[in-house]
Amino acid sequence: MPARTWDPPGPLDLHRTLGVLQRGPGDPAFGVRDGELWRACRTPEGPGTLCIAARPAAGQVEAEAWGPGADWLLDRLPELLGESDDPARLTARHRIVHEARRRHPGVRLARTGLVLESLIPSILEQKVTSDEAYRAWRLLLQRHGEPAPGPWERMRVMPEPRGWALIPSWEWHRAGVDAKRSSAILRAVRAARRMEEAARMDLADATRRLMALPGIGSWTAAETLQRTLGAPDAITVGDLHLPKIIGYALTGRRGTTDEEMLELLAPYEGQRHRAARLILLSGRVPPRRAPRFPVGDIARL
């Protein structure tokens, strides 16, 4: 069981930095126990589980890892926790952004260096509620993933590309995944090597690489590369809620469109995703006027 310590170059909010990797409550590949963050994933070296704990008194982060991918995960711990991220590159142009950064100085953009790990759950989140997507991810990993290395028995590692390709159609249906999304995932895993190459590209090239695959649009590419590259400018376009939240937070108006959101965020060019993260952390959201969108379940059809 290899271990590593790391001295962050500045404030680090471990939970908010890595929380974006969790796909809903009960995510079999992510968990929090006794204040420690656990992550199970499939690395280029094989399955691995990473346990990370902040030690504020010592100003350090401690990590342990298990499995064939343990050394790969530990070697990339600083990158995962935002060592190459530079929050100071954002200049606050709105009071709400300034205040959110002041209150959350330790939020960095995580960089996993893995594409399929973020791409597949992002595809599952296309055009459905978060609850539906989280349920699908949870069921697919529980039924078709493999037990994660290490001592936490509930954790699972997602299938390897061939494992995804072997999932029968009725299992996708049982998980509530329609043919459009399952087909996009199958195309992605068949092109797994080319997809993973995007982790070593800049944002523009990586976006083009992902969007060259049918079924992957700008929304899915941005959601993936925010995590894979820790890309500060990978703003999500096409989201049901984000433009409304950004517009309300910055102007007090409701019903903001994607185009209007991009205009509002234009002063943050190069840092638009970071600005959006800070705005979301402010907690300023438009009051709800309609009931929550009902959750569908195609598995019952």
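Just so you know, these numbers use all the heavy atoms, side chains as well, and skip hydrogens, waters and symmetry mates. In this text, all values refer to a predicted model and were calculated from it rather than measured experimentally.
One hydrophobic cluster holds both Leu90 and Ile246 under the rule that ILVMFWY side chains link at heavy-atom gaps under 4.5 Å. Cluster membership check: Trp137 shares its hydrophobic cluster with Ile216, using side-chain heavy-atom separations under 4.5 Å among Ile, Leu, Val, Met, Phe, Trp and Tyr. Linking ILVMFWY side-chain heavy atoms closer than 4.5 Å, directly or via other members, places Tyr268 and Ile235 in a single hydrophobic cluster. Ile96 and Leu278 fall within the same hydrophobic cluster, where Ile, Leu, Val, Met, Phe, Trp and Tyr residues are linked whenever their side-chain heavy atoms come under 4.5 Å apart, directly or through other members. No path of Ile, Leu, Val, Met, Phe, Trp and Tyr side chains, each step under 4.5 Å between heavy atoms, connects Val128 with Leu119, placing them in separate hydrophobic clusters.
Looking at heavy atoms from C-beta onward, Met211 lies out of side-chain contact with Arg208 at the 4.5 angstrom threshold. At least one side-chain heavy atom of His15 sits under 4.5 Å from a side-chain heavy atom of Val32. Put simply, the side chain of Pro87 reaches to within 4.5 Å of the side chain of Arg108, judged on heavy atoms. The shortest side-chain heavy-atom distance between Cys51 and Leu37 does not fall under the 4.5 Å cut-off.
For Arg253, the CZ atom counts as loosely surrounded, since its 6.0 Å shell holds 12 or fewer non-hydrogen atoms of other residues, nucleotides or ligands.
Remark: His273 pairs with no residue by the ring pair (Phe, Tyr, Trp, His ring centres under 6.0 Å) rule, at least two apart or across chains. In terms of the salt bridge (charged side-chain N to carboxylate O under 4.0 Å, His left out) criterion, residue partners of Asp85 (sequence neighbours excluded) are, by chain and number, Arg274. For Arg95, there are no salt bridge (charged side-chain N to carboxylate O under 4.0 Å, His left out) partners, not counting sequence neighbours. Not counting sequence neighbours, the partners of Trp38 by the ring pair (Phe, Tyr, Trp, His ring centres under 6.0 Å) test are Trp66, Trp152.
Interatomic distance, CG of Leu280 versus CZ of Arg16, reported as 12.0 Å (0.5 Å rounding). Residue Ser182 holds its OG atom at 11.0 Å from NE2 of His173, rounded to the nearest 0.5 Å. For the atom pair CG (Leu116) and OG (Ser122), the distance works out to 11.0 Å, reported to the nearest 0.5 Å. Atom CZ of Phe30 is separated from atom CG of Leu18 by 5.5 Å, given to the nearest 0.5 angstrom. From Glu263, atom CD reaches atom CG of Leu250 across 12.5 Å, with rounding to the nearest 0.5 Å. Taking NZ from Lys244 and CD from Glu260, the interatomic distance works out to 10.5 Å, rounded to the nearest 0.5 Å.
The list of salt bridge (Lys or Arg N to Asp or Glu O under 4.0 Å) pairs with a residue in residues 153-165, not counting sequence neighbours, is empty. Here ring-ring contact (aromatic ring centres under 6.0 Å, His included) pairs that include residues 195-241, with residues two or more places apart or in two chains, number zero. Within the structure, salt bridge (Lys or Arg N to Asp or Glu O under 4.0 Å) pairs that include any residue of residues 56-74 comprise Arg55-Glu62 (at least two apart or interchain). Screening residues 230-243 for salt bridge (Lys or Arg N to Asp or Glu O under 4.0 Å) gives Asp233-Arg272 as the qualifying pairs, with residues at least two apart or on separate chains. Judged as a salt bridge (Lys or Arg N to Asp or Glu O under 4.0 Å), not a single pair has a partner in residues 183-192 (not counting sequence neighbours).
For Thr17 (side chain) and Ala110 (main-chain N/O), no donor-acceptor pair under 3.5 Å exists by modelled atom type. When atom types are taken as modelled, the side chain of Asp34 and the backbone of Glu36 share no donor-acceptor pair closer than 3.5 angstrom. The main-chain N or O of Val237 is never found under 3.5 Å from a side-chain atom of Asp258 such that the two would form a donor-acceptor pair.
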Requested in this report: Check the pair Leu77 / Leu73 against side chain to side chain contact (heavy atoms under 4.5 Å, CB included), numbers first and verdict last.
Outcome: CA-CA 6 Å; Leu77 179 68; Leu73 288 168; over 6 Å; no
Query raised in the report: Run the salt bridge (charged side-chain N to carboxylate O under 4.0 Å, His left out) check on Glu125 and Arg23 step by step: do they pass?
Result: CA-CA 10 Å; Glu125 292 173 12; Arg23 303 295 182 156; 2.8 Å; yes
Query raised in the report: Run the side chain to side chain contact (heavy atoms under 4.5 Å, CB included) check on Leu281 and Arg103 step by step: do they pass?
Result: CA-CA 9 Å; Leu281 285 172; Arg103 290 197 303 270; over 6 Å; no
Requested in this report: Show the numbers, then the answer: is there a salt bridge (charged side-chain N to carboxylate O under 4.0 Å, His left out) between Glu83 and Arg76?
Outcome: CA-CA 10 Å; Glu83 181 183 49; Arg76 286 155 183 80; over 6 Å; no
Query raised in the report: Between Leu124 and Ile185, is a side chain to side chain contact (heavy atoms under 4.5 Å, CB included) present by the stated rule, with each step listed?
Result: CA-CA 8 Å; Leu124 290 174; Ile185 290 172; 3.7 Å; yes
Requested in this report: Using the side chain to side chain contact (heavy atoms under 4.5 Å, CB included) rule, take Leu264 and Met261 through it: C-alpha gap first, then chi angles, then the decisive distance, then the call.
Outcome: CA-CA 5 Å; Leu264 290 170; Met261 176 186 72; 5.5 Å; no
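Residue Glu45 comes nearest to Pro68 through the heavy atom pair O-CB, 3.4 Å, listed as atom of the first residue, atom of the second, then distance. Contact detail for Trp72 and Pro44: the closest heavy-atom pair is CE2-CD, 3.4 Å. Minimum interatomic distance between Thr49 and Ala40 (heavy atoms only, all atoms of both residues): OG1-CB, 4.0 Å. A pairwise comparison of heavy atoms in Trp172 and Ile167 identifies NE1-O, 3.4 Å as the closest pair. Summarising the geometry of Pro149 relative to Val157, their closest heavy-atom pair is CD-CG2, 4.1 Å, with the distance given to 0.1 Å.
Taking the charged nitrogens against the carboxylate oxygens, Arg39 and Glu117 do have a contact shorter than 4.0 Å, which makes a salt bridge. Classification of Glu132 and Arg135 as a salt-bridged pair fails, no side-chain N sitting under 4.0 Å from a carboxylate O. The existence of a salt bridge linking Arg4 and Asp75 is confirmed by a sub-4.0 Å separation between a basic side-chain nitrogen and an acidic carboxylate oxygen. Classification of Arg102 and Glu99 as a salt-bridged pair holds, one side-chain N sitting under 4.0 Å from a carboxylate O.
Side-chain heavy-atom separations under 4.5 angstrom define the hydrophobic clusters, and Met201 shares its cluster with no other residue. When hydrophobic residues (I, L, V, M, F, W, Y) are linked wherever their side-chain heavy atoms come within less than 4.5 Å, Tyr248 remains an isolated member.
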Please table the atom pairs, donor to acceptor, closer than 3.5 Å between any side-chain atom in residues 222-230 and protein atoms at least two apart or in another chain.
{"residue": "Glu223", "atom": "OE1", "partner": "Arg227", "partner atom": "NH1", "Å": "3.4"}
{"residue": "Glu223", "atom": "OE2", "partner": "Thr236", "partner atom": "OG1", "Å": "2.7"}
{"residue": "Thr224", "atom": "OG1", "partner": "Thr220", "partner atom": "O", "Å": "2.8"}
{"residue": "Gln226", "atom": "NE2", "partner": "Ala234", "partner atom": "O", "Å": "2.6"}
{"residue": "Gln226", "atom": "NE2", "partner": "Thr236", "partner atom": "OG1", "Å": "2.7"}
{"residue": "Arg227", "atom": "NE", "partner": "Val20", "partner atom": "O", "Å": "2.9"}
{"residue": "Arg227", "atom": "NH1", "partner": "Glu223", "partner atom": "O", "Å": "2.6"}
{"residue": "Arg227", "atom": "NH2", "partner": "Val20", "partner atom": "O", "Å": "3.3"}
{"residue": "Thr228", "atom": "OG1", "partner": "Leu114", "partner atom": "O", "Å": "2.8"}
{"residue": "Thr228", "atom": "OG1", "partner": "Thr224", "partner atom": "O", "Å": "3.2"}

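Between the side chains of Gln60 and Asp7, at least one donor N or O lies within less than 3.5 Å of an accepting N or O. A donor atom on one side chain and an acceptor atom on the other are found under 3.5 Å apart for Ser84 and Glu79.
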